[in-house]
2 protein chains.
Amino acid sequence: MTIKTKEKAVATLPLNEILAGDCIDVMNALPEASVDLIFADPPYNLQLKGDLHRPNNSKVDAVDNAWDQFDSFKAYDAFTKAWLAAAKRLLKPGGAIWVIGSYHNIFRVGAELQTQGYWILNDVVWRKSNPMPNFRGKRFTNAHETMIWASKDEGSKYTFNYEALKELNEGIQMRSDWVLPICNGGERLKDDKGDKAHPTQKPESLLHRVLVGSTNAGDVVLDPFFGTGTTGAVAKALGREFIGIEREEAYRKVAAKRISRVRKFDKTAIAVTTPKRAEPRVPFGQLVERGLLRPGEMLTSPRGHLAKVRADGTLIADDVKGSIHKVGAELEGAPSCNGWTYWNFKRDGKNVSIDVLRQQIRAEMSE
Amino acid sequence: MTIKTKEKAVATLPLNEILAGDCIDVMNALPEASVDLIFADPPYNLQLKGDLHRPNNSKVDAVDNAWDQFDSFKAYDAFTKAWLAAAKRLLKPGGAIWVIGSYHNIFRVGAELQTQGYWILNDVVWRKSNPMPNFRGKRFTNAHETMIWASKDEGSKYTFNYEALKELNEGIQMRSDWVLPICNGGERLKDDKGDKAHPTQKPESLLHRVLVGSTNAGDVVLDPFFGTGTTGAVAKALGREFIGIEREEAYRKVAAKRISRVRKFDKTAIAVTTPKRAEPRVPFGQLVERGLLRPGEMLTSPRGHLAKVRADGTLIADDVKGSIHKVGAELEGAPSCNGWTYWNFKRDGKNVSIDVLRQQIRAEMSE
DNA sequence: CCACACAATGAATCCATCA
DNA sequence: ATGATGGATTCATTGTGTG
């Protein structure tokens with residue numbers, strides 16, 4: 001029964017479609033635990049009083065659309081609570097969510113995320129390289145937006161392609177502040193009159209980093225505030241499945257047209273750098289079994305400790321016995337030790353890391 | 001009567017002192033509407049579980065102080081609500097508040113600020129130039145903290161020294177993201193044993209920018225979580241009056257000694273040395289993220305080698321994978337290789353160096 | 001005295017898998 | 001579920017020691 005329900009659920013999950021309607025209703029109609037990642041760019045609750053003018057009196061095209069007006073924090077909180085709860089139900093156990101916002105709404109969103117039991121992994125700042133200046137000189141240039149990245153629950157798994165992100169950043173660990181330009185130029189979608197099709201279109205570079213970093217190829221990515229479909233466009237190019245939800249028909253049309261033109265990157269291009277952890281585990285005992293090391297042979301540590309290899313793949317040094325890791329840790333008085341990189345053996349008079357032997361076995365395994 | 005009360009209040013306002021006690025009690029005992037600016041660095045409620053070790057096995061000195069321990073979000077929220085209410089009462093009508101925090105607490109603080117009727121003017125991101133890395137490679141480097149700047153009420157006046165901040169920023173409007181180093185070196189206060197006197201001492205550069213931007217000489221600045229007195233030290237140097245509140249005697253002692261040694265800047269000395277800007281580092285991955293190169297696109301070397309661009313900004317050529325530099329070096333059998341000048345892409349049938357694209361990004365960044 | 005190597009450390013919600 | 005164990009993981013800056 002359970003299995004049947006699940007099968008049916010998966011079968012009816014509408015992939016790579018833009019669903020019409022209110023995102024809360026639509027999410028509640030989708031099967032639970034069916035989505036790997038949610039990226040959400042909810043309305044910002046901008047409370048603009050009157051129009052804003054540039055120094056030359058040209059009017060700024062402010063975000064004042066009807067869908068962005070809420071009469072109070074209370075109404076906004078109720079809305080936030082409802083869509084976040086619906087989103088949590090949809091997430092698989094190892095799923096995660098990203099929400100982007102500004103100071104107008106992000107504090108309320110973040111507090112509600114925590115209250116609902118989502119577990120914040122990072123807040124990430126999108127630092128805009130070309131923001132709109134503060135024309136009146138009354139505040140700081142509003143030059144960033146904030147994203148919150150959270151797993152479904154405390155302690156739950158999540159996808160994080162650490163090595164791929166490190167490569168994207170040319171060998172240095174990716175930080176929580178991302179410097180990326182705003183969406184303009186050819187990427188910015190226009191309507192029939194040549195005006196911008198959506199007031200807050202996000203750059204594809206932002207979604208590229210989010211999806212490369214926190215999804216794998218084939219994952220299902222849901223965007224409940226789809227707009228003109230940046231999430232869908234990048235997901236398609238990267239070989240992820242998407243589900244979009246959008247209330248406004250005009251946006252749905254623009255998004256559908258946009259995504260239809262996107263070409264998938266080829267498979268080897270989508271493949272990213274993988275972690276060492278993904279390589280097959282080789283027990284140290286295999287080196288002994290295969291004769292790469294002989295029982296009785298002595299290993300040396302960087303600081304001159306000696307240990308004898310035993311037939312069962314353990315080491316013995318003075319009065320310490322155990323695995324290569326345990327013996328290394330005890331000799332160093334350290335909380336842990338990677339025995340593979342710690343111990344050396346002698347070949348032709350030279351010290352060689354035992355990790356070389358592990359590499360050798362792994363190479364044989366992959367043949 | 002009202003006037004007399006006010007006069008008495010001002011007369012008894014303890015200036016340039018560090019008051020002992022719980023900040024909520026102490027604030028409630030101070031006269032209302034008597035303070036121009038509040039800078040607050042409340043406990044972050046970090047909720048750290050076990051120990052964390054660096055890859056070299058040394059233990060990270062975590063913030064495990066009793067003052068950062070709360071039983072639940074509910075308890076933290078009650079604390080936040082109480083101190084923010086006490087702070088609001090103290091602010092003059094034209095006063096403002098700054099609160100600094102991390103993702104652990106800042107969303108709850110920001111939401112409560114809004115709920116109490118404070119009016120958020122900006123959120124400002126302190127981007128740390130030298131943050132502690134993420135040692136286990138499980139998340140993004142936590143490389144920033146968030147500050148919220150809010151006036152006492154919607155529509156109320158506030159101080160903003162636009163021109164002074166513009167000068168601080170080499171003639172360009174100050175943005176909402178500030179790149180500043182963490183507090184270490186000679187500025188970091190030590191106790192008798194040579195350990196850090198306070199686990200979370202803030203850099204004076206941060207307070208300098210806050211006080212120059214949002215107070216005038218002679219203004220009263222209150223810091224309810226005074227710690228080792230960075231706010232007081234910078235306020236004194238800039239000719240502002242300060243009031244500090246601190247519960248821990250050890251911190252009060254260190255702060256008092258520190259501030260006693262501070263000399264006021266003379267007016268001409270406040271001219272600030274601007275740090276020289278190095279050419280920004282552009283990771284190759286940004287060309288991919290920003291669509292200047294497509295995953296799957298082929299690059300060529302001077303000697304005709306081909307390599308395919310991957311989604312994470314690495315290249316793949318035959319069986320060689322890695323950064324533009326590494327792949328170039330391996331193909332040439334060289335110890336190193338500058339991939340930026342080595343690789344070319346095709347545009348309009350002609351070979352163009354990828355370094356042209358880096359120049360393009362640098363030009364955008366400096367705009 | 002200078003150059004260079006090496007060690008120390010900072011607001012951190014920091015593992016995965018198997019028995 | 002829980003515990004034991006294998007073994008993977010860091011950047012910028014400052015201070016100290018050595019040649």
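Here is the naming used below: chain letters follow the sequence lines, and residue numbers restart at 1 for every chain. Quick note: numbers below take in every heavy atom, side chains included, and nothing from hydrogens, waters or symmetry partners.
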Counting only N and O atoms by type, is there a donor-acceptor contact under 3.5 Å from the side chain of B:Asp312 to the main-chain atoms of A:Val272?
-> no

Side-chain donor or acceptor of B:Lys202 paired with backbone N/O of B:Thr200 under 3.5 Å = yes

When you get a sec, tell me which of [options] is the closest nucleotide to the side chain of [X]?
| X | options | answer |
| --- | --- | --- |
| B:Arg139 | D:dT9, C:dA11, C:dC14 | C:dC14 |
| B:Ser129 | C:dA12, D:dT9, D:dT13 | D:dT13 |
| B:Asn142 | C:dA12, C:dA11, D:dT10 | C:dA12 |
| B:Asp68 | C:dA12, C:dG10, C:dA11 | C:dA11 |
| B:Asn56 | D:dT14, D:dT9, D:dT10 | D:dT10 |

Check this one for me: any side-chain N or O of [X] less than 4.0 Å away from OP1 or OP2 of [N]?
| X | N | answer |
| --- | --- | --- |
| B:Arg136 | C:dC15 | yes |
| A:Tyr162 | D:dT10 | yes |
| A:Arg358 | D:dA8 | yes |
| A:Ser323 | D:dG6 | yes |
| B:Lys138 | C:dA12 | no |
| A:His325 | D:dG7 | yes |
| B:Lys196 | C:dG10 | yes |
| A:Lys157 | C:dA16 | no |
| A:Asn338 | D:dA8 | yes |
| A:Arg281 | D:dG6 | no |

Residues A:Arg290, A:Glu364; criterion salt bridge (charged side-chain N to carboxylate O under 4.0 Å, His left out); working and verdict | CA-CA 12 Å; A:Arg290 295 191 178 202; A:Glu364 287 172 24; 2.8 Å; yes

Rounded off to whole Å, could you give me the CG-to-P distance for the A:Leu121 and C:dC14 pair?
-> 10 Å

Using the [atom1] atom as the reference point in each nucleotide, state the distance between [N] and [M] in Å, no decimals.
| N | M | atom1 | value |
| --- | --- | --- | --- |
| C:dT17 | D:dT9 | P | 14 Å |
| D:dA8 | C:dT9 | P | 27 Å |
| C:dC14 | D:dG6 | P | 23 Å |
| C:dC1 | D:dG17 | C1' | 15 Å |
| D:dT10 | C:dA7 | C1' | 14 Å |

Has the side chain of B:Ser102 got a donor or acceptor atom sitting under 3.5 Å from an opposite partner on the base of C:dA12?
-> no

Criterion ring pair (Phe, Tyr, Trp, His ring centres under 6.0 Å) on A:Trp149 and A:Phe160, from CA distance to verdict = CA-CA 11 Å; A:Trp149 175 41; A:Phe160 184 55; 5.3 Å; yes

If pairs are Watson-Crick or G-U with both distances under 3.5 Å, what is the dot-bracket string of DNA chain D, marking crossing pairs with [ ] and pairs to another strand with |?
-> .|||||....|||||||||

B:Trp126 six-ring face occupied by B:Lys128 cation (under 6.0 Å, within 45°) | yes

